[in-house]
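See structure below.
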Amino acid sequence: HSLSIVNDVDRDANNRQSEDGGDVIKGLTGIPKNLPPKYFYDDRGSQLFEDICGLPEYYPTRTEAAILEQYADEIAQLTGCCELVELGSGSSTKTHYLLSAYQKIAAHSDLADAFSYIPIDVSGGILKTTVLQLQQQYPDLTLEGLIATYEEALMYLGKNHGRSRMVFFLGSSIGNFTESDANTFFDQVAHALKQGDYFLLGIDLQKPKHILEAAYNDSQGVTAAFNLNILAHLNWRFQGNFDLQLFRHQAVYNESKHQIEMYLHSQAQHQVNLEILDLQVSFQAGESILTEISRKFDLEALQQQLRSQGLQTLKIWTDPQQLFGLVLCQL
Ligand code: AVI
């Protein structure tokens, strides 16, 4: 097996920006204040997100897993043998359904490397563990993990692969992008696909406000801890003095924009210093920081958006309650 770090000039520019915290300065001096959601995912934040995935109110993870469990064989039948590329693979937990399905069809193929998987994640730690585990579980799997952002990885992969490829992006992470960032992302995906290649996308569907608000304001307070952890992350990374007690988590569903908006509300007027950024930020009582959007999709509109990027929908699977969707498209 192998693990590669993909690095390019843009990456260095991006890294420098985030190491400099330019994006934090921009967000905290913006109106309204906001923070890039990527700062959720330090080690503790990644663990808290794993915990969220198991919460009774957070239906997306188990619903998508059930759809994959039921339809992975059908997906593999439709696409035939292909190289599997996963964006944001994390612990690759849900991927097992796809891997087992593609392993079965690879057994009937005479292609060399018929069964191959390229997991991509920015977190090298989690990817290393995952690659080692997968290699033990699937000795016949050709495996190359890429430590990279989506953009870097898709650029690096290009479209000079000889065989069919399926890129997949699960968990409705696409919902954390604005519509225009999602278009940029689909464009980058298309850059790594040849005519006839596949893209499999997991999306959270529009549904009543009370279900969504419960999923993002869980009764055990795990999502609140996840949201507040973004401030703890800024404290260690940029020598900050955010007092987490002075902020309160809230997630609201914006029905006109069809998106969850996650906020941290300041409970008192106060000042925060981030020494490494040489930044002082003043908060009014009641003032909020927007830390995340999580868009909820309409299948018709999404198919149209994909089509405008050259991606034709082949088939859509959902759960019986239509909570979550899995869209297979082809370039
Ligand atoms: C990673 N992403 C798809 C999650 C979501 O549902 O938007 C992040 C999350 N935020 C709060 N709970 C989960």
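The first residue of the sequence shown is numbered 1, and numbering continues consecutively from there. Atoms within a ligand are numbered from 1 in the order they appear, just like the ligands themselves.
- Contact residues of ligand 1 (protein heavy atom closer than 4.0 angstrom to a ligand atom; sorted by chain and number): Y41, F49, I52, Y58, G171, S172, S173, N176, Y216, T223, F226, M262, E292, S294.
- Figure legend: K33 and Y263 shown without cation-pi pairing, the cationic atom not lying both under 6.0 angstrom from the six-membered ring centre and within 45 degrees of its axis.
- Two residues are said to be in side-chain contact when any heavy atoms from C-beta on lie closer than 4.5 Å; P119 and T130 fail this criterion.
- For the pair S172/F324, a side-chain contact is recorded, criterion being any heavy-atom separation below 4.5 Å from C-beta on.
- With a 4.5 Å cut-off on side-chain heavy atoms, Y39 and D23 count as touching.
- No donor-acceptor contact under 3.5 angstrom links the side chains of K207 and Y253, judged on distance only.
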List the atom pairs, donor and acceptor, that lie under 3.5 Å between side-chain atoms in residues 271-280 and the rest of the protein, sequence neighbours left out.
| unit_1 | atom_1 | unit_2 | atom_2 | d |
| --- | --- | --- | --- | --- |
| Q271 | NE2 | S282 | OG | 3.0 |
| N273 | OD1 | Q280 | NE2 | 3.2 |

